[in-house]
*Asks:* 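Sharing a structure below in structure tokens format, with a few things to ask.
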Amino acid sequence: MIYLNGDFMPIEEARIPVLDRGFIFGDGVYEVIPVYSRKPFRLAEHLLRLQHSLDGIRLSNPHSDKKWSELLEQIIAGNESDDQSLYLHVTRGVARREHAFPKGVMPTVFIMSNPLLAPPEELLATGVAAITANDNRWLRCDIKAISLLPNVLLRQMATDVGAIETVLLREGFMTEGAASNIFVIKEGILLAPPKNHLMLPGITYDVVLELAAANEIPHEVREVSEYEVRTAEEILLTSSTKEIMPITRLDDKPVGDGKPGTMFTLLHQLYQNYKSTVMRGNANVSAF
Ligand code: PDD
């Protein structure tokens, strides 16, 4: 069951006009929210980031947080899996094709749910391969915009060579992945690039840094150079759908000893523990 502009329906019945500005211009923003045991994970944070994205494209929020929560609850209830990945999408609506914003047009609001599958244990045991590429996206990567053509092309470069992600480099520094945030471990320190206009402020990224702080794991938020990426002991990828995954090959060379490292094992365990405390109703990150 999906939600489209006020109605709930099976996805096969959902229709949008071809003049929707999402279709014509990619003029919209989105969110992906994980749901565990039918509870949305870090909902307030996702709705705050949605507001940031809407502000970034100068589109007013069609719903209050309360209304969003209610709609999401209904979608969760209308879908089978206990663990789901919610996709929310807001565009500037339907209007004659003209670049400048139309006046008096209702935004298009779409919500769907897919089953959320945890990364397979085999992949966590071996780690995954990634490649690097030049980050050729625009300078507002903090907006979760639906216009994802650069990300699509960058991710496909990885898929073409059997890798799962593309680590993006801009002017000698790492920004993020094509659809994930990236952490690097150097000399036992967890390094995270600072949140700015060059990357999406990941919700999972925040959780990882909170867990690191609460558990006294050495960590630094600062620019990470290409050299540090290429000589890292470990590289980690994070996203709402992939949680935390170890990257053990980069550009066809082993990362560190080519196996998931101790930082991955620790953070993965802390993340799983944190998820289960959240499901029991306690949202605060604490030490384990
Ligand atoms: N992508 N950076 C980019 C470019 C992303 O697309 C994503 C997530 C992230 C990680 O953010 P979070 O931890 O909040 O999921 C970072 C989603 C999952 C997607 O587009 O499907």
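Each ligand, and each atom within it, is numbered from 1 in the order the structure gives.
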*Asks:* Distance to 0.1 Å, residue and atom name: give those for the protein heavy atom nearest to atom 13 (O) of ligand 1.
*Replies:* Thr204 OG1, 2.5 Å

*Asks:* Assess whether a salt bridge exists between Lys242 and Glu165, defined as any Lys/Arg side-chain N lying under 4.0 Å from an Asp/Glu carboxylate O.
*Replies:*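 No, this pair does not count.
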
*Asks:* What protein heavy atom is closest to atom 20 (O) of ligand 1, reported as residue, atom name and distance in Å?
*Replies:* Tyr30 OH, 2.7 Å

*Asks:* Could you list which atoms of ligand 1 come closer than 4.0 Å to a heavy atom of Arg49?
*Replies:* 11 (O), 12 (P), 14 (O)

*Asks:* Within ligand 1, which atoms have a heavy atom of Ser240 less than 4.0 Å away?
*Replies:*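 The list of qualifying atoms is 12 (P), 13 (O), 14 (O), 15 (O).
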
*Asks:* Can Asp251 and Lys253 be counted as an ion pair, charged N to O under 4.0 angstrom?
*Replies:* no

*Asks:* Provide the number and element of each atom of ligand 1 under 4.0 Å from a heavy atom of Asn181.
*Replies:* 9 (C), 10 (C), 11 (O), 16 (C)

*Asks:* Mind checking whether Tyr205 and Phe183 have ring centres under 6.0 Å apart?
*Replies:*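 Ring-ring flag for Tyr205/Phe183: true, centres closer than 6.0 Å.
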
*Asks:* Do Lys67 and Asp65 sit within salt-bridge range, that is, some charged N less than 4.0 Å from a carboxylate O?
*Replies:*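 Salt bridge between Lys67 and Asp65, a charged N being under 4.0 Å from a carboxylate O: no.
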
*Asks:* If you measure from atom 16 (C) of ligand 1 to every heavy atom of Ser180, Gly202, Ser239, which option wins on shortest distance?
*Replies:*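 Looking at heavy atoms only, Ser180 sits closest to atom 16 (C) of ligand 1.
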
*Asks:* How close does the nearest protein non-hydrogen atom get to atom 1 (N) of ligand 1, and which residue and atom is it?
*Replies:*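 Closest protein heavy atom to atom 1 (N) of ligand 1: Lys144 NZ, 3.3 Å.
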
*Asks:* Quickly, which of Glu228, Arg222, Glu223 forms a side-chain contact (heavy atoms from CB on, under 4.5 Å) with Ser225? Name it, please.
*Replies:*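 Output: one option passes, namely Glu228.
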
*Asks:* Please list the nearest protein heavy atom to atom 6 (O) of ligand 1 with its residue and the distance rounded to 0.1 Å.
*Replies:*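 Looking only at protein heavy atoms, the one closest to atom 6 (O) of ligand 1 is Ala179 CA, 3.4 Å.
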
*Asks:* Which ligand 1 atoms does Glu176 reach within 4.0 Å, using its non-hydrogen atoms?
*Replies:* 2 (N), 3 (C), 4 (C), 16 (C)

*Asks:* Short question: side chain of Asn181, backbone of Pro201 - any donor-acceptor pair under 3.5 Å?
*Replies:*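 Flag not set: sc Asn181 to bb Pro201 has no pair under 3.5 Å.
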
*Asks:* Look at atom 18 (C) of ligand 1 and say which protein heavy atom is nearest, naming residue and atom and giving the distance to 0.1 Å.
*Replies:* Thr241 OG1, 3.8 Å

*Asks:* Regarding Glu45 and Arg49, does a basic nitrogen lie under 4.0 Å from an acidic carboxylate oxygen?
*Replies:* no

*Asks:* Would you mind running through ligand 1 and noting each atom that sits below 4.0 Å from a heavy atom of Ile203?
*Replies:* 12 (P), 13 (O), 14 (O)

*Asks:* How far is atom 21 (O) of ligand 1 from the closest protein heavy atom, and which atom is that?
*Replies:*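 Atom 21 (O) of ligand 1 sits closest to the protein heavy atom Val32 CG2, 3.7 Å.
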
*Asks:* Any side-chain to backbone donor/acceptor pair from Glu243 onto His268? Under 3.5 Å, distance only.
*Replies:* no

*Asks:* Which of the atoms of ligand 1 are close to Ala178, meaning less than 4.0 Å from one of its heavy atoms?
*Replies:*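 So the answer, numbered in order with elements, is 4 (C).
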
*Asks:* Please check if the side chain of Asn151 supplies one atom and the backbone of Ala178 the other of a donor-acceptor pair under 3.5 Å.
*Replies:*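 The answer is yes, because a donor-acceptor pair under 3.5 Å joins these two groups.
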
